[in-house]
Each structure stands twice: as structure tokens, then as C-alpha cells.
Q: 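Handing you this structure, nothing more for now.
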2 protein chains.
Amino acid sequence: MRNNLKVERARHNLTQAALAEKAKVSRQTINAIESGKYIPSTVLALRLSAIFGLPVNALFELEEEDRA
Amino acid sequence: MRNNLKVERARHNLTQAALAEKAKVSRQTINAIESGKYIPSTVLALRLSAIFGLPVNALFELEEEDRA
DNA sequence: TTCAAAAGTAAAGCAAACTTTACAAAAAAT
DNA sequence: ATTTTTTGTAAAGTTTGCTTTACTTTTGAA
């Protein structure tokens, strides 16, 4: 699973902590997602989509291995 | 969390079992999601998005209570 | 160079997604 | 009306997202 979080966060000039607060998750959760440690829930993905004004599909993309 | 699974599945003429197979999950998982028992993971949401040719945001929508 | 803010990382614990097995109810076909 | 397909539902177990606490490393400003 590939994601653009780091780039979008930079584009919006937000720290991991600030984004975490906006998305109502812990800072570690944002960090872990950015570093590929795990994949966000759909609720969180939709929240990030709203925060950045981008569709979920633009923010997250399945890699070959995860495709159905 | 609101979702259009049932409608899209009907539109594509798929049984729960057939969709489950396409999405590589169990039939019960599809059933549970349709009946609001739980929210799909982002991986599954993206797979369903691909199967139906619709953006995740069109398939799933946060309700007030879940918004950040 | 020093100090503070930001990012990285780790472990224990909880909650929820998902699986498997299994059976009942409803719908559709014959 | 009977049989078959589809849907609904339930329980036990596994996996994984997420939290909290806490400590280290990196970045950057003063």
C-alpha cells in the first residue's frame, strides 16, 4: 500500500502531531502510516481525504500484492 | 458509516458470495459490511472501488459521528 | 553550539476487521 | 409444493489498527 501522506502533509504545512489532532488519532498512528508500518482504517482514510480535500483513491493506492 | 454496496452489487448482478470471491474475502464479511455490522478495511474498500469502478468516497461516506 | 520542536521507534494492551464453521430464514426457481 | 440458491446470523479464534507511555534521534531555530 502506497500513500501520499507525507507529501500532502508537507503541502499543507502540518506536523505529524497537528495532522493527528485534526484526524483525531495519535501522533504515532500518523507516523506509523507514513512509514508503512500499517494501513489506516477506512474511517481514518476518509478523514484524511476530507482534511486534504483529495479522494481516498488519490491518497492511497493498492500495490500489486494487495489487489484482488 | 453509510455504504452503497448493496445497490452496486445489484447493479452489477452479483451475489454476496460472488462479490466476496472477487474481493478475496469471505461471504460473511460482505454480508456484515452491507448490514452495517462493521466497516471494511481500506484494502477491502479499495478493492471494492476497483471492482465497481467507483471511487472509495462514492462507495463509503462518513456520518456526522465519525467525522474528524 | 545549544535548546526545542519534530520525527522515529518500541512495547503492552484494547478494539475491531476478518476467518471458519455451522445452521436458520428467506427468496427464487422448477 | 419442493428444492436450490441466496441471505442472515452466531460464536470462537486470529490478525491488525490504534492507544498510551516513554525514550531516542533528527531537524532546525536562536
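Proteins get letters first, then strands, A, B, ... in listed order; numbering begins at 1 in each. The analysis underlying the following values was restricted to heavy atoms, covering all of them including side chains, and did not include hydrogens, waters or symmetry mates.
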Q: Between C1' on D:dT5 and CD1 on B:I30, what's the gap in Å once rounded to a whole number?
A: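 About 18 Å, once rounded to whole Å.
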Q: In this structure, how many angstroms lie between the C1' atom of D:dC18 and the CG atom of A:L48, rounded?
A: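 Roughly 13 Å, once rounded to whole Å.
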Q: Could you grab the distance from atom CD of A:E8 to atom CG of A:N3, nearest 0.5 Å is fine?
A: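 Here the interatomic distance stands at 10.0 Å.
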Q: Do you know the tightest heavy-atom contact between A:T42 and B:A45?
A: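 So the minimum-distance heavy-atom pair works out to OG1-CB, 3.8 Å.
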Q: To the nearest 0.5 Å, what is the distance between CZ (A:R11) and CG (A:N4)?
A: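 Going from the CZ atom of A:R11 to the CG atom of A:N4 covers 8.0 Å.
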Q: Whole-Å distance between D:dG17 P and A:N3 CG?
A: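 Value for this atom pair: 13 Å.
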Q: Using nucleotides 4-8 of chain C, report all nitrogen or oxygen pairs with the protein that are shorter than 3.5 Å.
A:
unit_1	atom_1	unit_2	atom_2	d
C:dA7	OP1	A:R9	NH1	2.9
C:dA7	OP2	A:Q16	N	2.7
C:dA7	N7	A:R27	NH1	3.2
C:dG8	OP2	A:Q16	NE2	2.6
C:dG8	OP2	A:N31	ND2	3.1
C:dG8	N7	A:R27	NH1	3.3
C:dG8	O6	A:R27	NH2	2.8

Q: Between atom CD of B:Q16 and atom CG of B:N31, what is the distance when rounded to the nearest 0.5 Å?
A: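 So the gap between those two atoms works out to 4.5 Å.
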Q: Keeping to residues at least two apart or across chains, list the salt bridge (Lys or Arg N to Asp or Glu O under 4.0 Å) pairs with something in residues 47-68 of chain B.
A: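 Checked against salt bridge (Lys or Arg N to Asp or Glu O under 4.0 Å) - neighbours excluded - the pairs reaching residues 47-68 of chain B are B:R2-B:E61, B:E64-B:R67.
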Q: Drop me the distance from B:I39's CD1 to B:M1's CE, to the nearest 0.5 angstrom.
A: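 Answer for the CD1-CE pair, B:I39 versus B:M1, is 4.5 Å.
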Q: With heavy-atom distances below 4.5 Å as the criterion, would you say the side chains of A:L48 and A:F60 are in contact?
A: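 The answer is yes; the side chains approach within 4.5 Å.
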Q: Between B:L44 and B:T29, is there a side-chain heavy-atom distance shorter than 4.5 Å?
A: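 Side-chain contact under 4.5 Å: yes.
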Q: With respect to the phosphate group of D:dC18, does any side-chain polar atom (N or O) of A:T29 fall under 4.0 Å of OP1 or OP2?
A: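 Answer is no, no contact under 4.0 Å.
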Q: Distance check needed: D:dT16 P versus A:M1 CE, whole Å only.
A: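 Rounding to the nearest Å, CE of A:M1 and P of D:dT16 are 14 Å apart.
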Q: What are the residues of residues 50-68 of chain B, sorted by number, that bring a heavy atom to within less than 4.0 Å of DNA chain C?
A: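 None, since no heavy atom is under 4.0 Å.
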Q: Which residue pairs pass the salt bridge (Lys or Arg N to Asp or Glu O under 4.0 Å) test with at least one member in residues 19-32 of chain B, sequence neighbours excluded?
A: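 Qualifying pairs, neighbours excluded: none.
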Q: So, taking the atom named CD1 in B:I33 and the one named CD in B:Q28, what distance separates them when rounded to the nearest 0.5 Å?
A: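 Going from the CD1 atom of B:I33 to the CD atom of B:Q28 covers 11.5 Å.
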Q: Test: ring pair (Phe, Tyr, Trp, His ring centres under 6.0 Å). Region: residues 21-54 of chain A. Which pairs qualify, not counting sequence neighbours?
A: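 The answer is A:H12-A:F52.
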Q: Please give me every residue in residues 36-45 of chain A whose heavy atoms get under 4.0 Å of an atom in DNA chain D, ordered by residue number.
A: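 Residues of residues 36-45 of chain A that come under 4.0 Å of DNA chain D are, in numerical order, A:Y38, A:I39, A:P40, A:S41, A:L44.
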